[in-house]
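Below is one structure, written out as structure tokens; the observations come after it.
What you see is a predicted model; the values in this text were computed from it and never measured. Chain letters run A, B, ... following the sequence lines, proteins first, then strands; residues in each count from 1.
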Amino acid sequence: MSDIFDELQWRGLVAQTTDESALRQALADGPVTVYCGFDPTAPSLHFGNLVQLVVLRHLQRAGHRVICLVGGSTGLIGDPRPTSERVLKTKEQTAHNVGRIRDLVRPFLDFEGDNPALLVDNLDWTAPMSAIDFLRDIGTHFRVNQMIRKDAVATRLASEQGISYTEFSYQLLQGLDYLELFRVHGCTLQTGGSDQWGNITAGVDLIHRAEGASVHALSTPLLEDSSGTKFGKSEGNAVWLSADMTSPYAFYQYFLNIEDSSVVRLLKVFTDRSRDDIDALGRLSEEKPFLRDAQKALATDITTLVHGTTLAAAVQTASDALFGKGDVSVLDPATLLDATGELPGAQVVVGTSVVDALVAVGLVDSRNAARRAITEGGASVNNVRVTDPEQLLALTDFLHGRVALLRRGRKNLAAARLG
RNA sequence: GGCGGGUUGCCCGAGCGGCCAAUGGGAGCGGACUGUAAAUCCGCCGCGCAAGCUACGUAGGUUCGAAUCCUUCACCCGCCA
């Protein structure tokens, strides 16, 4: 068994661990059972969760037993955020999200074969437990003095808004999960984002008190760009893993647009590429940045991992066609339709104003904004800049009589389809 | 329960009767711009072509005129019980 810990560390996936040498030893000694939880706070997982899935994937490939937990109960409570109280999700919403997340996780891990990953829902052991049992059996092991020192809780206690008892209790629930998985499955490692460290160690402490056993924890670093902004936001929206929330095209584009100074780091985190391969891409990026080969490799690999080979190839073709040097009006019909098929868009008729078309396809929020974009020189039809805010779409604007390519700024594209 | 302070646009935060669609900062958007990168500079940033409309926690009121004054309710913070 190769040293998986070194591998994770080299890839930049390790922020903190409980006892590094003990964890290294455990991983080297044989299969360890590891779990990571995902709360169903939304109908999809997002970029941040992808890091956790990648960690589990590496561990499973290294021969360790992987448990993927969906937080059917913790999702009902809500992990305290440092900023403000969450709006509680209904039980129906949460149950629906649990179902969606179960499906999303499947492509990342192997659920068949000799070392199948396990999928569990913490509602299964939390729901049957009475409040009295919870307080007596679990609560007794927690000191409030320690609980209020956890980062997220401390921040909220110091804030104007305070923190509800509901969210305050969150760490007990997550601790209970680890304890349960330790007892039932012999789970001795929990992974999660560094923002989860407090909750993760709550479980480590609980197992120590309740069972007298020492277990491990590993957190991954928060991924930020050069200006200190978290990765995973595109135009203010989260980058989701579900195709119906972030289109594969937008997903691919997000990674293609990663700044040069971060691309190597993200290649290490998200792709399976070797050290040599990534070094080579890094050098290429420094010497010939205009080729954008590192970004292309990153975008292709992640899109393939999340959306599969077929969709990844389709969005890549689309991107090449739409951003290539060639004139879009000479694209053959098949390429044009494939490429624009991945774009957001809407149906319009001949004679629709460019302003209305920009609004219809969602490139701008209002007709005022559309006029503004045109006035600023930031709008084009088939890559020809529009200068007249009153311009209408003519039949000849619809390439092959089918679709007009609308663009706002350099990289926001949409298709106006003749309907 | 009592007293005091607060609630402003995506976020922070000024404004304290007309000059307020509301100063400033951040975020975001467009252009210069090359590489679908970064940095920098300039511009934009409620809806509406416009007249105008809707917005400063909620609901009323005073006034020719309110984000600004009064009252109701809700929520938050502090001190006291």
Side-chain angles (χ1 to χ4, degrees), chain A residues 81-87 155-164 167 224-239 247-267 281-300 302-303 315-326 328 339 342-344 352-359 362-380 383 385-392 405-414:
Chain A
R81 288 179 296 191
T83 45
S84 62
E85 193 81 9
R86 290 173 190 273
V87 177
T155 311
R156 287 281 297 283
L157 280 172
S159 77
E160 286 188 359
Q161 204 189 96
I163 182 169
S164 68
E167 289 194 1
E224 294 176 338
D225 68 15
S226 55
S227 62
T229 313
K230 258 195 286 186
F231 279 115
K233 295 266 192 242
S234 167
E235 304 224 352
N237 301 313
V239 174
S247 76
Y249 170 80
F251 188 84
Y252 178 84
Q253 285 288 321
Y254 177 78
F255 292 102
L256 195 63
N257 278 305
I258 293 295
E259 56 181 4
D260 294 352
S261 55
S262 296
V263 71
V264 167
R265 190 155 43 100
L266 297 191
L267 277 167
L281 283 168
R283 269 198 307 281
L284 198 53
S285 172
E286 270 177 41
E287 288 160 15
K288 299 184 174 175
F290 51 89
L291 291 180
R292 311 179 59 74
D293 281 329
Q295 277 90 343
K296 281 181 190 164
L298 176 69
T300 303
I302 306 191
T303 309
V315 297
Q316 196 177 0
T317 308
S319 297
D320 287 348
L322 298 173
F323 283 98
K325 294 226 170 61
V328 284
E342 292 298 331
L343 296 176
T352 303
S353 68
V354 175
V355 166
D356 285 329
L358 285 169
V359 175
L363 281 181
V364 294
D365 291 333
S366 68
R367 309 184 72 225
N368 268 346
R371 289 179 164 273
R372 212 177 290 133
I374 293 172
T375 311
E376 291 175 330
S380 70
N383 287 344
R385 184 176 283 186
V386 178
T387 50
D388 175 10
E390 306 301 327
Q391 185 174 324
L392 306 179
L405 184 68
L406 303 180
R407 183 191 296 261
R408 193 200 82 234
R410 185 73 190 100
K411 54 192 173 187
N412 302 292
L413 290 163

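Although no hydrogens or angles enter the test, the distance criterion places a donor-acceptor pair under 3.5 Å between the side chain of A:Arg265 and the main chain of A:Glu224.
Under the side-chain contact (heavy atoms from CB on, under 4.5 Å) criterion, A:Ala318 pairs with A:Ala339, A:Glu342, not counting sequence neighbours. A:Glu287 meets the salt bridge (charged side-chain N to carboxylate O under 4.0 Å, His left out) test with no other residue; sequence neighbours excluded. Every side chain to side chain donor-acceptor pair (under 3.5 Å) that A:Ser319 has, sequence neighbours left out, goes to A:Gln253. For A:Arg292, there are no side chain to side chain donor-acceptor pair (under 3.5 Å) partners at least two apart in sequence or on another chain. Scored by the side chain to side chain donor-acceptor pair (under 3.5 Å) test, A:Arg367 finds A:Asp356 as partners (sequence neighbours excluded). Qualifying side chain to side chain donor-acceptor pair (under 3.5 Å) partners for A:Glu259, counting only residues two or more places apart in sequence or in other chains: A:Ser226, A:Ser262. Applying the side-chain contact (heavy atoms from CB on, under 4.5 Å) test to A:Ser366 and every residue at least two apart in sequence or in another chain returns A:Asn368, A:Ala369.
Out of B:rG35, B:rG30, B:rC49, the shortest distance to the side chain of A:Arg408 is found at B:rG30.
Residue contacts for A:Thr375: at a heavy-atom cut-off of 4.0 Å it reaches no nucleic acid atom on any strand shown. The residue A:Arg407 sits apart from the nucleic acid: no heavy atom pair falls under 4.0 Å. Heavy atoms of A:Gln253 sit under 4.0 angstrom from at least one base atom.
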Self-check item: Per-nucleotide protein contact string for nucleotides 37-42 of chain B (B base, S sugar-phosphate only, - none; heavy atom under 4.0 Å)
Solution: BS----
Protein and nucleotides 53-55 of chain B: nitrogen or oxygen contacts under 3.5 angstrom:
none

Could you go over nucleotides 44-47 of chain B and give all protein N or O partners under 3.5 Å, atom names and distances?
| residue | atom | partner | partner atom | Å |
| --- | --- | --- | --- | --- |
| B:rC44 | O4' | A:Glu376 | OE2 | 3.3 |
| B:rC47 | OP1 | A:Ser366 | OG | 2.9 |

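Distance noted for atom C1' between B:rG48 and B:rC19: 24 Å (whole Å). Rounded to a whole angstrom, the distance from the C1' atom of B:rA66 to that of B:rC20 is 11 Å. Taking the C1' atom of each, B:rG60 and B:rC10 are spaced 30 Å apart, rounded to whole Å.
Between A:Val359 and A:Ala370, the shortest heavy-atom contact is CG2-CB, 4.3 Å.
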Exercise. Give RNA chain B the dot-bracket treatment, 5' to 3': Watson-Crick (N1-N3 with N6-O4 or O6-N4) or G-U (N1-O2, O6-N3) under 3.5 Å, [ ] crossing, | other strand.
Key: ((((((((.[[[..)..(.....]]].(((((.......))))).((....))...[.[[[..)....]]].]))))))).
Let me have the donor-acceptor pairs involving side chains of residues 293-300 of chain A, under 3.5 Å, with sequence neighbours excluded, atom names and distances please.
| residue | atom | partner | partner atom | Å |
| --- | --- | --- | --- | --- |
| A:Gln295 | NE2 | A:Ile258 | O | 2.8 |
| A:Gln295 | NE2 | A:Asp260 | OD1 | 2.9 |
| A:Thr300 | OG1 | A:Lys296 | O | 2.7 |

